[in-house]
Amino acid sequence: MDTPQPLYSAESVRELDRQAMAALGIPSIQLMKRAGRAAFDRLLARWPDIGRIQVYCGGGNNGGDGYVIAALAAQKNIPVTVFACTNPERLKGDARAAHDYACREGVRIVTALTQMGSADGDTLSVDALLGTGFSGPLRPPVAHAIERIRKSRGPVLAVDIPSGLDADTGSAGQAVCADMTVTFIGRKLGLYCGRGPALCGEVVFAGLGVPEPVYDAVRPLVQRYGSASIKRLPPRPADSFKNQFGHILIVGGDSGFGGAALMAAQSSARAGAGLVSLATRPGHLGAALTRCPEVMAHPVVSGQELEPLLIGPDVIAVGPGLGRSPWSEQLLARVGRTGSPLVVDADALNILAQGRVLAGVKRDDWVLTPHVGEAARLLGCDTVEVCADLRASAAAVQHKFSGVVILKGAGTLIAHDGGVDLINSGNPGMASGGMGDLLTGIVAALIGQHLPLVEAARLAVWLHGEAGNRAAADGQRGLLATDLLPWIRRLVD
Ligand SMILES: NC(=O)C1=CN([C@@H]2O[C@H](COP(=O)(O)OP(=O)(O)OC[C@H]3O[C@@H](n4cnc5c(N)ncnc54)[C@H](O)[C@@H]3O)[C@@H](O)[C@H]2O)[C@H](O)CC1
Ligand SMILES: [K+]
């Protein structure tokens, strides 16, 4: 993925479908047959010895893809049964044509789930219930079919998108959980954010031969970045000296949370910062010096004591373990008055959300790094609303506070003046305390090494997730934030 991948809304993909058919000069049934063929070929490649296939077909063109898959399986003499959610007599257009094609190939089609037989380990379930036409609460019998697929003991292939997953937002209630999703023509944003990564399994893209110029005509929602498309730091010249690589100040670590600020400082150092200072509660100094003598730790009891420390640094990261005490608010208020680029995280975001400190401030030179809960507080809504449309929520925070916003999650969104980017990185083992502190330190260090804020955010998110993946090579559970530090150093070059 050496260039960013465009991610689309369902409506945009339908527009791509329309433009593709015009460009290719083919009828839609041909595009549907290409889709069915693409999915079937990936099915055979992944499960070459599958014993039986059960296809669950909805009443639209997603179901039509399913009928094509069933016909192709029958041609290969693979035992296949189709559950038709909609009475085939009521099918229209391409879906009806695909159904008739399956009938001609001798496919057994039933209209009651009880006729499907058991779904044991060597039975592949194909989810062709709902695609980009899904909307509103799930209605029976589709809901019942989804439940049955979820209970099957064999592998699951989702056609275009797992049924029940919202293509535009990645939100989902009850939904199919697939081992593989074969998606057509345009990658949908919902596959890569919110519940998408957990529900899709391996996402395989099939372009169906759509000519490249077709994609120029439709605007994507988001650009998805991978390691090859993210700008890296330049090599260091032989005559380098530390001041060239940024002096980072980490402000945080209220009583009981000293480790958070120290981990942010350590990750800044490991991400290549030239100098790292730490302003924290006096009680944390001994541990900081013992743990990381390279970090210049300073005791601060009040905003006044912090003031002189704000002069030298090139970048200030405020928030790790900051807490929400008067001490915390004093420090944030002082940091907010400096002219240095800022990284604002954790409780600094929560204080910002309360509106007493830095009320109404918008800055182009800060990076906010909320998780879903902090984003909800910043927007004055609840997390359900944020998760209902993560992209829109990230953009809303950026619109309210300006700068760059990193909305952390399984698919992390980066909102900036130029739009919204998405990076899939990391693993469930990273759902543990301190991981966010590391990211804050990395972002600060990369800004300190002269990357523009958006590029620093992209590289930091990727680096953080990849370090987590490497550190989790021998298991995800029990992964500790500090396990990532050596990997941050190895990967930052
Ligand atoms: N040329 C093309 O457009 C191609 C499309 N492909 C496939 O087609 C689907 C999109 O098909 P569409 O008919 O627009 O919608 P769906 O089949 O996804 O769904 C409509 C179907 O589902 C029912 N439905 C909708 N919401 C619900 C709900 N909440 N509960 C129950 N049932 C619901 C609705 O009543 C209809 O019956 C796309 O995803 C591709 O798979 C080809 O792959 C490429 C060419
Ligand atoms: K589907």
Side-chain angles (χ1 to χ4, degrees), residues 8-40 42-43 54-69 83-99 125-147 149-150 156-168 171-188 190-191 196 199-201 203-210 214 218:
Y8 297 93
S9 66
E11 181 45 42
S12 294
V13 174
R14 280 193 284 273
E15 177 57 23
L16 285 170
D17 285 344
R18 288 188 285 270
Q19 301 232 8
M21 285 179 282
L24 290 166
I26 61 171
S28 54
I29 184 65
Q30 285 309 316
L31 210 53
M32 181 173 283
K33 287 193 170 179
R34 288 187 187 186
R37 164 61 67 186
F40 183 68
R42 290 331 180 275
L43 178 162
Q54 292 180 339
V55 185
Y56 297 79
C57 291
N61 287 336
N62 194 248
D65 295 345
Y67 286 111
V68 172
I69 292 166
F83 168 67
C85 260
T86 299
N87 184 321
E89 293 309 311
R90 288 176 43 213
L91 292 175
K92 294 190 292 292
D94 296 339
R96 179 61 191 261
H99 162 272
S125 297
V126 174
D127 159 28
L129 294 163
L130 300 172
T132 53
F134 165 49
S135 66
L138 283 175
R139 303 187 296 271
V142 169
H144 299 148
I146 288 174
E147 201 45 44
I149 294 172
R150 287 179 62 86
V156 177
L157 178 135
V159 176
D160 205 26
I161 189 164
S163 295
L165 177 66
D166 185 307
D168 295 355
S171 61
Q174 185 201 23
V176 164
C177 188
D179 297 281
M180 175 191 276
T181 296
V182 182
T183 199
F184 311 117
I185 299 179
R187 292 176 177 85
K188 292 84 182 166
L191 302 176
L199 293 174
C200 287
V203 177
V204 175
F205 175 68
L208 307 187
V210 171
V214 167
V218 179

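Read the numbers this way: they start at 1 and go in the same order the structure lists the ligands and their atoms.
Looking at ligand 1, you won't find any N or O of M21 less than 3.5 Å from one of its N or O atoms. Backbone and side-chain nitrogen or oxygen atoms of G136 are examined, and one is located within less than 3.5 angstrom of a nitrogen or oxygen of ligand 1. Considering both main-chain and side-chain atoms, R14 never comes within under 3.5 Å of ligand 1 through any nitrogen or oxygen pair. Checked against a 3.5 angstrom limit, the closest N/O atoms of G131 and ligand 1 fall inside it. In terms of N/O distances under 3.5 Å, ligand 1 is not approached by F184. Ligand 1 has a nitrogen or oxygen under 3.5 angstrom from a nitrogen or oxygen of D160.
Closest to atom 9 (C) of ligand 1 by heavy atom, among T183, I146, N62, is N62. Comparing R139, M32, K92 against atom 33 (C) of ligand 1, the shortest heavy-atom distance belongs to R139.
Residue contacts to the K ion (ligand 2): G131 brings no N, O or S atom closer than 3.4 Å. D160 lies apart from the K ion (ligand 2) in this respect, since none of its N, O or S atoms is found at a distance under 3.4 Å. With 3.4 Å as the limit, A158 does not count as an N, O or S neighbour of the K ion (ligand 2).
Side-chain contact between L31 and I26 is present, with heavy atoms from C-beta onward closer than 4.5 Å. No side-chain heavy atom of K188 sits under 4.5 Å from any side-chain heavy atom of D168. Within the 4.5 Å cutoff, the side chain of L157 has no heavy atoms near those of the D127 side chain. Here the side chains of V13 and F184 are not in contact, with every heavy-atom distance at 4.5 Å or above.
Rounding to 10 degrees, one finds that the K ion (ligand 2) sits at the corner of an angle of 150° between L130 O and D127 O.
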Begin from the C-alpha positions of V55 and F83 and carry the test side chain to side chain contact (heavy atoms under 4.5 Å, CB included) through to its verdict.
-> CA-CA 6 Å; V55 185; F83 168 67; over 6 Å; no
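Side-chain atoms of R150 do not come within 3.5 Å of backbone N or O of V176 as any donor-acceptor pair.
Of all the heavy atoms of N61, the ones lying under 4.0 Å from any atom of ligand 1 are found in both the backbone and the side chain. Residue-level proximity to ligand 1 for D65 is carried by the side chain, the only part with a heavy atom below 4.0 angstrom. By the criterion of a heavy-atom distance under 4.0 Å, the backbone of P137, and not its side chain, is placed next to ligand 1.
Distance CG/N61 to CG/D94: 5.0 Å, rounded to 0.5 Å. For the atom pair CD of Q174 and CD of E147, the computed distance is 4.5 Å after rounding to the nearest 0.5 Å. Separation of atoms CZ (R14) and OG (S9) is listed at 8.0 Å; rounding is to 0.5 Å.
By the 4.0 Å N-to-carboxylate-O rule, R18 lies close enough to E11 to be salt-bridged with it.
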